[in-house]
Amino acid sequence: MCGKCAITVNGLIRPAEMGITLPHEHLLIDFSCRYVAAADEGELSAQQPALADRWRLLRTPAGYKVNLEGTDLDQSAAEALWFKKSGGRTIVDLTGVGLGADASGLKEVADRSGVNVIAATGLYIDASLPDWVREASTEELAQHLVDDIMRGGREGIRRGAIGEIAIETATDLELKCLRAAARAQSRTSAPCFLHVMSGILPSFRPLTDELIAIYLEEGGEIDKLVLCHQDGSGDDLAYQERLLARGLWLEYDTFGSEGVFAFGEAYIQLPTDTQRIAELATLIERGHIGQLLISQDVCYQTGKRNWGGHGLAHILDSLAPRFRAAGIGQDRLTNLMVDNPARLLCFAAENASAG
Ligand SMILES: [Zn+2]
């Protein structure tokens with residue numbers, strides 16, 4: 001037997017072992033690259049703000065350092081356990097360079113919670129990246145990504161995906177990272193998750209085509225390319241279907257976030273879960289279910305359950321009836337949460353050694 005496997009922090013697993021999978025999360029994250037101090041930051045507790053202050057954090061989530069520090073192992077393992085208790089089995093952590101990547105910490109979370117964790121290797125937005133990434137050539141970056149996947153980098157923990165590769169203002173550095181990611185994809189067959197702004201900001205949609213052209217030019221496989229954060233792009237079905245016709249994946253990955261997203265000094269209103277479900281229902285009705293993914297992208301502390309957030313089990317615990325009401329029943333949810341992630345993430349040959 002020579003099936004393809006997914007690469008978790010504890011080794012290879014077969015597709016049947018993946019179960020319900022969240023393809024876009026951040027179990028451990030240092031999100032301080034988004035920090036722009038809020039005027040009232042000093043009024044909040046530096047550990048865990050009072051419930052009565054939650055409105056401030058929802059208003060300006062990136063304005064408080066304490067809301068951006070998601071690096072606590074106990075908290076992360078507890079979050080993963082909520083997901084497991086609701087039937088979840090596998091979490092893909094897309095926390096790469098620039099977001100406090102911590103493969104050893106993820107292994108600890110996997111061991112403590114019993115959830116399969118797939119750690120990714122990625123390069124986040126320009127402002128988050130350290131000097132060594134700025135100075136590296138495209139080829140050096142590609143080799144770094146490949147090494148993380150094939151050998152596990154410094155920690156000896158193999159990564160099972162590439163991402164997030166973040167492109168916001170498409171600086172030269174971000175485009176260099178995109179080229180490196182496409183090369184690494186072509187050499188490993190790992191899926192490549194692109195963080196783009198085109199879901200919520202229509203003005204970024206023309207850029208998406210340029211990014212895909214660069215990815216293909218470097219040898220990236222189109223059916224391994226995931227466009228992240230496409231929630232809200234259903235206001236332009238022609239845009240969505242133009243992309244889907246090329247064979248890539250559209251990811252609705254911010255379920256549970258119905259407030260604002262920090263974008264530099266600006267805050268952008270996110271769609272509601274009801275809107276997300278309605279957009280997915282339209283895409284499914286039109287035959288695209290095989291190219292859709294869903295997740296929650298919990299990245300602020302306010303998204304976690306011990307801070308009163310929806311947590312990692314939001315879709316499982318709260319949204320199934322709303323999916324059903326929109327015509328997305330259990331079979332289709334299984335397609336979205338089990339079959340699709342397994343098809344995308346199982347790319348490694350079972351008998352390949354890590355050496
Ligand atoms: Zn992202």
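Remember, predicted model here, so these are calculated numbers, not experimental data. Atoms considered below: every heavy atom in the structure, side chains included; atoms not considered: hydrogens, waters and symmetry mates.
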Open item on the list: What I want to check is whether the side chains of S104 and E155 have a donor and an acceptor closer together than 3.5 Å.
Closed with: no

Open item on the list: Pairing donors with acceptors under 3.5 angstrom, does anything connect the side chains of E279 and Y252?
Closed with: yes

Open item on the list: Under a 3.5 Å cutoff, is there a donor and acceptor pairing between the side chains of N335 and N340?
Closed with: no

- [ ] Can you see which heavy atom on I277 is nearest to which on A326, and at what distance?
- [x] CG2-CB, 3.5 Å

Open item on the list: If the threshold is 4.0 Å, N to carboxylate O, is there a salt bridge linking D40 and R59?
Closed with: yes

Open item on the list: Pairing donors with acceptors under 3.5 angstrom, does anything connect the side chains of D231 and T254?
Closed with: yes

Task: Step-by-step ring-ring contact (aromatic ring centres under 6.0 Å, His included) determination, H288 to W249 - done: CA-CA 10 Å; H288 302 301; W249 298 79; over 10 Å; no

- [ ] Quick one: do I125 and C33 satisfy side-chain contact (heavy atoms from CB on, under 4.5 Å)? Show the steps, please.
- [x] CA-CA 9 Å; I125 55 171; C33 65; 4.3 Å; yes

Open item on the list: How close do V133 and C177 get, counting heavy atoms only, and between which atoms?
Closed with: CG1-SG, 4.1 Å

Task: Chi angles and distances behind the side-chain contact (heavy atoms from CB on, under 4.5 Å) call for S128, L99 - done: CA-CA 7 Å; S128 77; L99 291 174; 5.7 Å; no

Task: Any donor-acceptor N or O pair under 3.5 Å, side chains S86, D317 - done: yes

- [ ] Could you tell me whether E241 and R286 have a side-chain N and a carboxylate O separated by less than 4.0 Å?
- [x] yes

Open item on the list: Going by salt bridge (charged side-chain N to carboxylate O under 4.0 Å, His left out), name the residues that satisfy it together with D273, two or more places apart in sequence or in a different chain.
Closed with: R276

Task: Same apolar cluster: V196 and I222, side chain cutoff 4.5 Å - done: yes

Task: Heavy-atom side-chain proximity of Q330 to R324 below 4.5 angstrom - done: no

Task: Q291 and L250, any side-chain heavy atoms less than 4.5 Å apart - done: no

Open item on the list: Between S189 and Q185 (side chain of the first, backbone of the second, donor and acceptor by atom type, cut-off under 3.5 Å), is there such a pair?
Closed with: no

Task: Residues L280, L292; criterion side-chain contact (heavy atoms from CB on, under 4.5 Å); working and verdict - done: CA-CA 8 Å; L280 284 168; L292 302 173; 4.0 Å; yes

- [ ] Give a yes-or-no answer on whether the side chains of Y239 and S198 include a donor-acceptor pair shorter than 3.5 Å.
- [x] yes

Task: Interatomic distance, E41 atom CD to L57 atom CG [nearest 0.5 angstrom] - done: 10.0 Å

Task: Sequence-distant partners of Y267, side chain to side chain donor-acceptor pair (under 3.5 Å), two or more places apart - done: none

TODO: Verify whether one side chain among D148 and T121 offers a donor that lies under 3.5 Å from an acceptor in the other.
DONE: yes

TODO: Might you work through the side-chain contact (heavy atoms from CB on, under 4.5 Å) test for R322 and T274, ending with a clear yes or no?
DONE: CA-CA 8 Å; R322 284 157 72 182; T274 299; 3.0 Å; yes

- [ ] Check the hydrophobic clustering (I, L, V, M, F, W, Y; side-chain heavy atoms under 4.5 Å; chains of links allowed) and say if V298 and L22 are grouped together.
- [x] yes

- [ ] Answer with yes or no after comparing the ring centroid distance for F323 and F255 against a 6.0 Å cut-off, counting only values under it.
- [x] yes

Open item on the list: With a sphere of 6.0 Å drawn around CD of E135, does it hold more than 12 non-hydrogen atoms of other residues, nucleotides or ligands?
Closed with: yes

Open item on the list: Can you tell me how far apart CG (L106) and CZ (R159) are? Round to the nearest 0.5 Å.
Closed with: 8.5 Å

Open item on the list: For S76, is there any backbone N or O sitting under 3.5 Å from a side-chain donor or acceptor partner on E79?
Closed with: no

Task: Distance in Å, L178 CG paired with L123 CG, rounded so as to fall on 0.5 Å steps - done: 10.5 Å

TODO: Locate the shortest heavy-atom distance separating F31 from C299; write the atom from each residue and the value.
DONE: CE2-SG, 3.6 Å

Open item on the list: Please check this pair: side chain of T188 against backbone of A184, looking for a donor-acceptor N/O pair closer than 3.5 Å.
Closed with: yes

Open item on the list: Rounded to the nearest 0.5 Å, what separates atom CG in D126 from atom CD in E168?
Closed with: 10.0 Å

Task: For D74, salt bridge (charged side-chain N to carboxylate O under 4.0 Å, His left out) partners two or more places apart - done: R112

- [ ] State yes or no: do V338 and F83 share one hydrophobic cluster built from I, L, V, M, F, W and Y residues joined by side-chain heavy-atom distances below 4.5 Å, directly or via other members?
- [x] yes

Task: I118 CD1 to T21 OG1 distance, which is reported to the nearest 0.5 Å - done: 6.5 Å

Task: Donor-acceptor side-chain pairing of T8 and N10 below 3.5 angstrom - done: no

- [ ] Please work out which of the three classes, parallel, tilted or perpendicular, describes the rings of H229 and H195, given edges at 30° and 60°.
- [x] perpendicular

Task: NZ/NE/NH1/NH2 to OD/OE distance under 4.0 Å, K304 and E69 - done: no

Open item on the list: Which heavy atom of A161 sits nearest to which heavy atom of A190, and what is that distance?
Closed with: CA-CB, 4.4 Å

Open item on the list: If I take atom CG from residue L312 and atom NZ from residue K84, how far apart are they, to the nearest 0.5 angstrom?
Closed with: 14.0 Å

- [ ] Scan side-chain atoms only and decide if D93 and T95 contain a donor-acceptor pair under the 3.5 Å cut-off.
- [x] yes

TODO: Search all heavy atoms of A349 against all heavy atoms of L12 and return the closest pair with its distance.
DONE: O-CD1, 3.8 Å

Task: Electrostatic pair D111:K107 at N-O distance under 4.0 angstrom - done: yes

Task: Backbone of G199 reached by a side-chain donor or acceptor of R205 within 3.5 Å - done: yes

Open item on the list: Taking the basic N atoms (NZ, or NE/NH1/NH2) and the acidic carboxylate oxygens, is any pair closer than 4.0 Å for E217 and R179?
Closed with: yes

- [ ] For the pair D223 and R343, find out whether any cationic side-chain nitrogen is under 4.0 Å from an anionic carboxylate oxygen.
- [x] no

Task: E164-H26 side chain donor-acceptor pair, cut-off 3.5 Å - done: yes

Task: Check: M18 and N116 side chains under 4.5 Å, non-hydrogen atoms - done: no

Open item on the list: Between K4 and E350, does any NZ, NE, NH1 or NH2 come within less than 4.0 Å of an OD or OE carboxylate oxygen?
Closed with: no

Open item on the list: Is it the case that the side chains of S295 and E25 hold a donor-acceptor pair, with the cut-off being a distance below 3.5 Å and no angle test?
Closed with: yes

Task: E17/R89 salt bridge by N-O under 4.0 Å criterion - done: no

TODO: Give a yes-or-no answer on whether the side chains of Q75 and Q301 include a donor-acceptor pair shorter than 3.5 Å.
DONE: yes

TODO: Grab the two heavy atoms, one from G160 and one from L345, that are nearest each other, plus how far apart they are.
DONE: O-CD2, 4.0 Å

TODO: Mark yes when over 12 heavy atoms from residues, nucleotides or ligands other than Q269 sit less than 6.0 Å from its CD; otherwise mark no.
DONE: yes

Task: Side chains of Q230 and Q240, donor plus acceptor under 3.5 Å - done: no

TODO: Give the C-alpha distance, both sets of side-chain angles, the deciding distance and a yes or no for salt bridge (Lys or Arg N to Asp or Glu O under 4.0 Å) between E139 and R187.
DONE: CA-CA 12 Å; E139 188 51 29; R187 293 172 200 171; 3.0 Å; yes

Task: W82/H314 aromatic ring centres below 6.0 Å - done: no

- [ ] Would you check if there is a donor-acceptor pair between the side chains of H24 and E251 at a distance under 3.5 Å?
- [x] yes

Task: I162 and P191, any side-chain heavy atoms less than 4.5 Å apart - done: no

